[in-house]
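Read through the structure below, which is laid out as structure tokens, and then see the notes.
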Amino acid sequence: MTVTIVGSQLGDEGKGGIVDLYGDDVDVVARYQGGDNAGHTVVHEGEEYKLSLVPSGAIRGKVGVLGNGCVVNPRTLFDEIDTLQERGLDPDVRIAERAHVILPFHRVLDGIEEELKSETDDEVGTTGRGIGPTYEDKAGRRGVRVGDLLDPDVLRERLEYVVPQKRAVVEDVYDLDVDELDDPDAFDVDAIFEEFREFGRRFEAEDMTVNAGAFLSATIDEGQNVMLEGAQGTIIDIDHGNYPYVTSSNPTAGGAATGTGLSPGVVGDGEVIGIVKAYLTRVGSGPLPTELGGVVGDTPGYDEQGEGENEELANYIREEGGEYGTVTGRPRRVGWLDLPMLRHSTRVSGFTGIAINHLDVLAGLDEVKVGHTYTLDGEELASMPATTEQWKRCEANLKSFDGWPEIDWADAADEGYDALPENAKAYVEYIESELDTPAYAIGVGPGRGETIVREHPF
Ligand code: IMP
């Protein structure tokens with residue numbers, strides 16, 4: 001069977017910890033979208049690994065697949081694999097032949113467009129990894145796929161078509177001189193061909209490429225367990241998120257089918273677990289109706305002072321939760337949990353269960369609030385509106401919960417749900433009841449053991 005892991009908010013909900021938690025029962029972990037914009041920290045046998053492409057399961061001896069819905073930067077991938085090998089691991093990573101390749105010019109173009117948008121304060125606050133430009137070329141039918149790296153003639157042909165176009169965009173649209181850019185080779189067919197053909201040879205030599213859908217279907221037919229791991233979160237989904245402040249792929253459960261080649265029936269027959277952080281964080285620009293505060297001048301889209309009285313609370317939660325980007329190190333904006341957002345995410349992905357993370361971070365506060373509903377133009381809304389302009393105008397109707405004390409969370413994880421403070425349980429039960437979805441797991445600390453497990457989906 002499959003278990004699909006989906007971020008229910010804006011990414012950084014602690015998906016990696018839940019993938020890890022259920023990982024022992026898994027044979028293959030497949031990522032279905034995104035690229036090296038994601039970041040996860042894995043602690044294995046006392047060693048810490050920071051990864052952005054290699055699926056965490058691959059550290060623990062599982063097969064890790066990057067599905068066709070992913071965009072792969074082979075530079076990052078092989079850096080990660082080489083580093084892991086130097087540290088004595090031998091991760092088994094397979095890459096979909098249909099996955100698109102992030103080429104050097106994609107990163108450059110990501111930077112140029114963000115720079116231009118920032119002149120009018122419209123930047124998305126991307127991770128700068130070339131994600132958007134790569135998916136743009138995929139949709140524009142001019143991309144280079146992993147399978148193309150294995151065939152020198154096809155690779156050269158594709159590069160000869162796309163690279164001059166990109167050069168022209170830089171020169172004629174952005175009015176910049178390619179030769180004066182930091183990395184002029186990013187727009188040189190021969191330089192790209194040499195480097196990426198070599199990556200292709202390595203993919204081939206190490207037998208790393210697969211037809212992902214066929215590979216995963218065969219795995220399931222053999223009775224093995226497959227975990228489908230989403231990166232980022234629902235509100236930065238290109239279709240169901242707050243466009244244009246989104247990433248360029250589908251972190252929602254539908255993406256698990258299109259991004260792996262498994263049918264929607266296979267995904268839907270399994271479990272879909274929504275990962276919920278007990279409060280909100282956001283690294284990029286865009287609205288956040290329950291926002292407490294960002295770091296002025298240091299947070300994309302956060303150049304003005306937020307609501308002053310809440311800055312202190314935001315800073316407290318940020319420090320307690322270690323809320324700094326894994327990939328970029330940027331301080332995250334912080335807000336209260338937002339139920340209209342979660343009702344939207346639950347509907348879009350059909351969560352069969354949720355995991356609530358970071359409940360411990362809120363311990364010690366006198367009062368914990370949640371956005372229960374919104375008011376928009378005098379009307380109460382239970383879910384998110386479809387346009388970002390409307391969402392920006394939503395006012396959160398906050399509901400207040402009594403806080404819960406700091407306890408020994410590791411003990412609570414051992415003892416189980418009943419060991420949680422009463423007020424923390426009331427918070428969990430409110431979320432379960434509003435989403436009509438059971439909490440399978442409750443994260444009460446960063447360690448693998450610091451999770452209260454109520455349900456094993458496999
Ligand atoms: P991109 O994916 O780099 O194009 O960035 C687009 C938006 O998604 C920006 O707001 C990023 O901050 C956000 N984003 C991308 N990856 C992550 C992630 O792993 N966690 C949280 N936000 C992300």
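Only heavy atoms go into these numbers, but all of them, side chains included; no hydrogens, no water, no symmetry mates. Every number for a ligand or one of its atoms is a count from 1 in the order of the listing. Note that this is a predicted model, so its numbers are computed, not measured.
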Ring pair (Phe, Tyr, Trp, His ring centres under 6.0 Å) partners for Tyr161, two or more places apart: none

How many angstroms lie between OH in Tyr324 and CD in Glu319, if you round to the nearest 0.5 Å? 3.5 Å

Report the residues that fulfil salt bridge (Lys or Arg N to Asp or Glu O under 4.0 Å) with Asp20, sequence neighbours left out, ordered by chain and then residue number. Arg60

Hydrogens and angles aside, do Tyr374 and Asp338 bring a side-chain donor and acceptor to less than 3.5 Å of each other? yes

For Asp36, all residues meeting salt bridge (Lys or Arg N to Asp or Glu O under 4.0 Å), sequence neighbours excluded: Arg107

Pair Thr134, His106: side-chain N/O donor-acceptor within cut-off below 3.5 Å: yes

List ligand 1's nitrogen or oxygen atoms that come under 3.5 Å of a protein nitrogen or oxygen, with the partner atom and distance.
unit_1, atom_1, unit_2, atom_2, d
ligand 1, 2 (O), Asn37, ND2, 2.9
ligand 1, 2 (O), Thr247, OG1, 2.6
ligand 1, 3 (O), Thr127, N, 2.8
ligand 1, 3 (O), Thr127, OG1, 2.6
ligand 1, 10 (O), Val124, O, 3.4
ligand 1, 12 (O), Gly125, O, 3.1
ligand 1, 12 (O), Arg330, NH2, 3.1
ligand 1, 16 (N), Gln232, NE2, 3.2
ligand 1, 19 (O), Asn37, O, 3.4
ligand 1, 20 (N), Asp12, OD1, 3.2
ligand 1, 20 (N), Asp12, OD2, 3.3

